Number of protein chains: 2
Amino acid sequence: MPKKVDHQKRKIQIAETTWKVIVEEGLEQATVRKIAQASDLSVGAVRHYFASQSELLHFSMELVSERVIQRAKERKYSKEQDPLEFVTEGICEVLPIDEERKIEMEVWLAFSAKVLVDKTLQKLSNKVYQDMHQGLKNVVQALQLLEIAKEGLDLELEVNRLHAIVDGMAMHHLLNPDHLTHEEMIATLNYHLKSLLQ
Amino acid sequence: MPKKVDHQKRKIQIAETTWKVIVEEGLEQATVRKIAQASDLSVGAVRHYFASQSELLHFSMELVSERVIQRAKERKYSKEQDPLEFVTEGICEVLPIDEERKIEMEVWLAFSAKVLVDKTLQKLSNKVYQDMHQGLKNVVQALQLLEIAKEGLDLELEVNRLHAIVDGMAMHHLLNPDHLTHEEMIATLNYHLKSLLQ
DNA sequence: GTTTATTTAATACAAGTGTGCTAAAATAAA
DNA sequence: TTTATTTTAGCACACTTGTATTAAATAAAC
């Protein structure tokens with residue numbers, strides 16, 4: 001009966017185009033019309049998949065976190081690998097080290113600014129914060145279990161610190177790529193992680 | 001001849017009201033009409049002091065950084081004071097520890113998201129980043145000169161790290177006050193600073 | 001080929017935007 | 001009181017916004 005269109009895939013396509021618009025023109029310019037045009041669809045077509053603008057934006061943001069979680073889940077530790085290296089690479093999954101991650105992070109920063117004034121977004125922001133926090137806690141605990149971490153580290157405070165370093169550097173690099181370069185970002189992360197080891 | 005209105009003071013008043021609107025409704029809702037209404041002025045009156053909306057927003061952002069710099073300059077070190085305490089308090093000037101600082105930080109976060117897509121704002125963002133970076137470098141160097149810092153610290157990497165911690169935690173607390181409380185923020189900062197000492 | 005549910009296109013509408021313009025009001029020196 | 005100047009108020013304009021509505025196109029099922 002109907003034209004065969006994979007609903008979910010179409011929604012993801014539109015969401016990814018939404019990212020593009022946000023990165024290029026900002027969240028406030030991510031209007032239904034612009035997104036439709038960038039997607040080569042009519043406004044009505046977009047509206048067919050997303051009943052409202054806020055639904056579309058919410059879906060787009062969720063997709064960012066899903067992508068990051070997806071990548072994190074795919075990582076597997078092999079015993080031959082250097083633990084520090086493995087951990088560093090894992091954390092780099094959420095740093096803006098390439099174009100794909102840069103886009104995700106820029107979208108997330110724009111979203112975060114909106115969280116401050118839009119209560120309906122706080123739940124999602126909250127969830128992502130906690131997922132990330134737990135992920136980093138696992139990292140620090142792994143270092144402790146492997147008995148390569150310094151004695152007497154305060155787990156909670158270390159996680160707070162690591163989390164802040166990761167997000168802080170990501171933001172600094174996005175806003176100021178010339179003053180905190182890609183390389184400095186990685187070097188600083190490595191420096192910090194090494195400071196946790198014996 | 002003319003009515004005696006202190007132009008500069010009026011502009012600052014309007015800018016502060018602009019902060020209020022941004023904090024309450026977001027940067028994209030900071031329209032000339034809303035700002036005028038919140039200032040108990042007509043649109044024409046606001047336009048008399050700021051020729052355009054972007055001029056008004058730019059001025060408002062500059063005022064944020066000026067306020068922070070102002071506070072930093074006023075701080076004086078007395079020899080009786082514990083250096084660690086003095087340093088901690090200094091850094092707290094830029095953490096959202098009270099309502100005033102929270103407002104400034106929220107405004108700044110909203111502004112930062114806009115920097116990504118508005119090239120004309122990057123210069124200001126840049127300047128603030130560098131001022132802050134230099135300030136934190138002075139902090140680390142002070143600890144070194146007082147010979148209470150650990151040997152073998154890498155100055156540049158330490159400053160990168162400290163800067164990321166400060167801004168990262170500030171952001172986390174703004175977005176997630178329940179999960180990174182005021183107290184945890186201070187405790188983590190203290191924990192980090194102590195880790196730099198002998 | 002006809003039917004039918006899904007998908008797309010196009011338009012309309014009310015609300016809100018920045019900004020330009022004009023003239024009134026308020027003020028304090030002459 | 002007069003007058004020059006600053007400050008204010010209000011409206012008009014062209015434009016963009018999200019959303020609702022309606023008609024058209026599409027392709028599988030009968």
Side-chain angles (χ1 to χ4, degrees), chain A residues 1-61 107 110-111 113-114 117-121, chain B residues 1-22 24-61 110-111 113-114 117-121:
Chain A
M1 310 150 181
K3 198 171 161 183
K4 56 164 186 179
V5 169
D6 186 329
H7 248 228
Q8 196 59 18
K9 274 191 182 163
R10 184 68 120 206
K11 287 178 84 170
I12 290 175
Q13 271 177 12
I14 297 174
E16 285 177 339
T17 307
T18 303
W19 295 357
K20 209 177 143 190
V21 174
I22 291 173
V23 168
E24 284 170 3
E25 309 196 46
L27 189 53
E28 65 213 86
Q29 289 302 310
T31 65
V32 178
R33 280 173 175 80
K34 278 220 177 100
I35 292 165
Q37 194 183 354
S39 309
D40 272 320
L41 293 172
S42 73
V43 175
V46 171
R47 228 181 116 63
H48 178 68
Y49 295 100
F50 298 99
S52 71
Q53 184 194 33
S54 67
E55 193 179 313
L56 164 55
L57 293 181
H58 198 274
F59 182 89
S60 298
M61 298 309 150
V107 170
F111 171 74
K114 203 180 167 84
V117 291
D118 186 341
K119 302 283 173 192
T120 68
L121 300 178
Chain B
M1 307 154 180
K3 193 173 162 185
K4 55 164 185 179
V5 170
D6 187 328
H7 248 227
Q8 196 59 19
K9 274 191 182 163
R10 185 67 122 207
K11 285 177 86 170
I12 289 175
Q13 271 178 11
I14 297 175
E16 285 176 341
T17 306
T18 303
W19 295 357
K20 209 175 143 192
V21 174
I22 291 173
E24 283 169 6
E25 309 196 47
L27 189 53
E28 64 212 85
Q29 289 300 313
T31 64
V32 178
R33 279 172 176 80
K34 279 219 177 102
I35 292 166
Q37 195 183 352
S39 309
D40 272 320
L41 292 173
S42 72
V43 175
V46 171
R47 234 182 110 63
H48 179 69
Y49 295 100
F50 297 99
S52 72
Q53 184 193 32
S54 68
E55 193 179 312
L56 164 54
L57 292 181
H58 198 276
F59 182 89
S60 297
M61 298 310 150
F111 170 73
K114 203 179 167 85
V117 291
D118 187 340
K119 302 283 175 193
T120 67
L121 301 178

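Note that the structure is predicted; figures quoted are calculated from it, not measured. Throughout, a chain's letter reflects where its sequence line sits, starting with A, and its residues are numbered from 1.
- Annotation: the span from A:L56 atom CG to A:T17 atom OG1 amounts to 9.5 Å, rounded to 0.5 Å.
- Here B:H48 reaches the OP1 or OP2 of D:dT7: one of its side-chain N or O atoms lies under 4.0 Å away.
- Side chain of A:E28 to backbone of B:Q29: no donor-acceptor contact under 3.5 angstrom is found.
- Side-chain atoms of B:Y49 lie closest to D:dT8 of the nucleotides C:dT8, D:dT8, D:dA20.
- Here the closest non-hydrogen pair linking B:V117 and A:V23 is CG1-O, 3.2 Å.
- Between D:dT22 and A:R47, no contact under 4.0 Å exists linking OP1 or OP2 to a side-chain N or O.
- A:K114 and A:L27 get closest at one heavy-atom pair: CD-CD2, 3.5 Å.
- Proximity of residues 12-42 of chain A to DNA chain D (heavy atom under 4.0 angstrom from any strand atom) is restricted to A:T31, A:V32, A:R33.
- Using a 4.0 Å cut-off, no side-chain N or O of B:H7 falls inside it from OP1 or OP2 of D:dT6.
- For the pair B:T31/B:E25, no side-chain contact is recorded, criterion being any heavy-atom separation below 4.5 Å from C-beta on.
- The two residues A:A45 and A:L41 make their nearest non-hydrogen contact at CB-CB, 4.1 Å.
- Atom CZ of A:F50 is separated from atom C1' of C:dT7 by 15 Å (rounded to the nearest Å).
- Shortest non-hydrogen contact noted between B:F59 and B:K11 is CE2-O, 3.6 Å.
- Of the candidate nucleotides D:dG18, C:dT8, D:dT8, D:dG18 has the atom nearest to the side chain of A:Q53.
- Between its two ends, the helix from C:dG1-D:dC30 to C:dA26-D:dT5 turns its axis by 0°, counting five pairs per end and rounding to 10 degrees.
- Checking C:dT19, C:dT8, D:dT19 against the side-chain heavy atoms of B:V43 singles out C:dT19 as nearest.
- If you take CD on A:Q13 and OG1 on A:T18, they are separated by 11.5 Å, rounding to the nearest 0.5 Å.
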